[in-house]
Amino acid sequence: MTATVKYDEIEVGYEIPATGYDVRRLNLVMYAGASGDFNQIHWNERFAKAVGLPDVIAHGMYTMAQGGRFVTDWVGDPGAVVDFGVRFSSMVVVPDDDEGATINISGVVEEKLPDKRVVVGLTARAGDTRVLSKARAVVQLA
């Protein structure tokens with residue numbers, strides 16, 4: 001695969017349209033199976049509340065993965081992501097109802113680098129709460 005976004009067509013300040021990623025308890029159970037992280041705060045409401053959390057919370061790495069998904073969906077090639085990092089700033093609380101939670105992610109091209117690479121800054125929120133900070137990806141464009 002190669003990136004579908006062209007370096008020459010992107011400028012600093014280019015805004016990548018926001019996308020919402022729904023999170024249900026089932027997603028967390030599936031992620032636990034894939035990652036091996038079966039910490040009860042991610043699936044057991046009683047336990048999560050007993051340790052002081054408002055409810056079950058999404059895995060931090062699951063939240064980070066949605067940021068990576070956002071970038072790869074935009075660029076069209078998972079292999080185009082050269083570097084990716086975030087800091088976790090808050091939890092994604094996932095109630096056990098028909099709605100769950102939604103992680104809303106948007107991005108902006110912050111810098112153009114040599115060799116057709118760009119730095120994309122991401123904003124990730126669950127409701128009004130910013131859940132990732134210092135979220136950045138370096139992406140190889142076509």
K.L.:
Throw together a table of side-chain donor-acceptor distances under 3.5 angstrom for residues 79-89, partners on residues two or more places apart or in other chains.
P.N.:
from	atom 1	to	atom 2	distance (Å)
Ser89	OG	Arg130	O	3.0
Ser89	OG	Val131	O	3.4
Ser89	OG	Leu132	N	3.3

K.L.:
Measure the CD1-OG1 distance between Ile103 and Thr129 for me, rounded to the nearest 0.5 Å.
P.N.:
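Answer for the CD1-OG1 pair, Ile103 versus Thr129, is 12.0 Å.
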
K.L.:
Of all the heavy-atom pairs spanning Ile105 and Ala124, show the shortest one and how long it is.
P.N.:
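Scanning both residues, the minimum pair turns out to be CG1-CB, 4.0 Å.
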
K.L.:
Before giving the answer on side-chain contact (heavy atoms from CB on, under 4.5 Å), spell out for Val120 and Trp74 the whole-Å C-alpha distance, their side-chain angles and the decisive distance to 0.1 Å.
P.N.:
CA-CA 11 Å; Val120 176; Trp74 170 66; 3.9 Å; yes

K.L.:
Nearest heavy-atom pair of Trp43 and Val29: which atoms, and what distance?
P.N.:
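Looking at all heavy atoms of both residues, the closest pair is CB-CG2, 4.4 Å.
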
K.L.:
If you take all heavy atoms of Val93 and Pro54, which pair is closest and at what distance?
P.N.:
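Closest approach of Val93 to Pro54: CG2-CG, 3.7 Å.
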
K.L.:
Just verifying a value: how many Å separate Arg69 CZ and Tyr62 OH, rounded to the nearest 0.5 Å?
P.N.:
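Spacing of CZ (Arg69) from OH (Tyr62) equals 7.0 Å.
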
K.L.:
For residues 24-37, which residue pairs pass the side chain to side chain donor-acceptor pair (under 3.5 Å) check, not counting sequence neighbours?
P.N.:
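Every side chain to side chain donor-acceptor pair (under 3.5 Å) pair that includes a residue of residues 24-37, provided the two are not neighbours, is Arg25-Glu45, Arg25-Asp55.
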
K.L.:
Can a donor-acceptor pair be found, under 3.5 Å and without considering hydrogens, that links the side chain of Thr102 to the backbone of Asp22?
P.N.:
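Not confirmed, Thr102 side chain does not pair with Asp22 backbone.
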
K.L.:
Distance-only check: which donor-acceptor pairs under 3.5 Å involve side-chain atoms of residues 7-15, not counting sequence neighbours?
P.N.:
from	atom 1	to	atom 2	distance (Å)
Tyr7	OH	Leu113	O	2.8

K.L.:
Hydrophobic cluster membership, with links at side-chain heavy-atom distances under 4.5 Å among I/L/V/M/F/W/Y: are Val109 and Val139 in one?
P.N.:
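Same cluster: Val109 reaches Val139 through Ile, Leu, Val, Met, Phe, Trp or Tyr contacts under 4.5 Å.
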
K.L.:
Any chance you could measure Leu28, atom CG, to Asn39, atom CG, to the nearest 0.5 Å?
P.N.:
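So the CG of Leu28 and the CG of Asn39 are separated by 11.5 Å.
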
K.L.:
Does Asp73 form a side-chain contact (heavy atoms from CB on, under 4.5 Å) with Thr19? I'd like the steps, not just the answer.
P.N.:
CA-CA 10 Å; Asp73 286 351; Thr19 301; 5.9 Å; no

K.L.:
Are Met91 and Phe38 connected in a single hydrophobic cluster, I mean Ile/Leu/Val/Met/Phe/Trp/Tyr linked by side-chain heavy atoms less than 4.5 Å apart?
P.N.:
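Hydrophobic grouping puts Phe38 apart from Met91.
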
K.L.:
Provide the closest heavy-atom pair for Ala101 versus Val92 in the form atom of the first, atom of the second, distance.
P.N.:
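Closest approach of Ala101 to Val92, heavy atoms only: CB-CG1, 4.0 Å.
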
K.L.:
Does one hydrophobic cluster hold both Phe47 and Leu53, with members joined at side-chain heavy-atom distances below 4.5 Å?
P.N.:
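Yes: a chain of side-chain contacts under 4.5 Å links Phe47 to Leu53.
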
K.L.:
Check Val71 against Ala137 and note the closest heavy-atom contact, atom names and distance.
P.N.:
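For Val71 versus Ala137, the nearest heavy atoms are CG2-CB, 4.1 Å.
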
K.L.:
Can you give me the closest heavy-atom contact between Ala58 and Thr63, atom names plus distance?
P.N.:
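Looking at all heavy atoms of both residues, the closest pair is CB-OG1, 4.0 Å.
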
K.L.:
Could you walk me through whether His42 and Ile57 pass the side-chain contact (heavy atoms from CB on, under 4.5 Å) test, one step at a time?
P.N.:
CA-CA 5 Å; His42 302 305; Ile57 62 170; 4.0 Å; yes

K.L.:
Nearest 0.5 Å, please: how far is CE in Met64 from CG in Leu122?
P.N.:
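CE of Met64 is found 10.0 Å from CG of Leu122.
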
K.L.:
What distance separates Leu141 CG from Lys112 NZ, expressed to the nearest 0.5 Å?
P.N.:
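These two atoms lie 8.0 Å from each other.
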
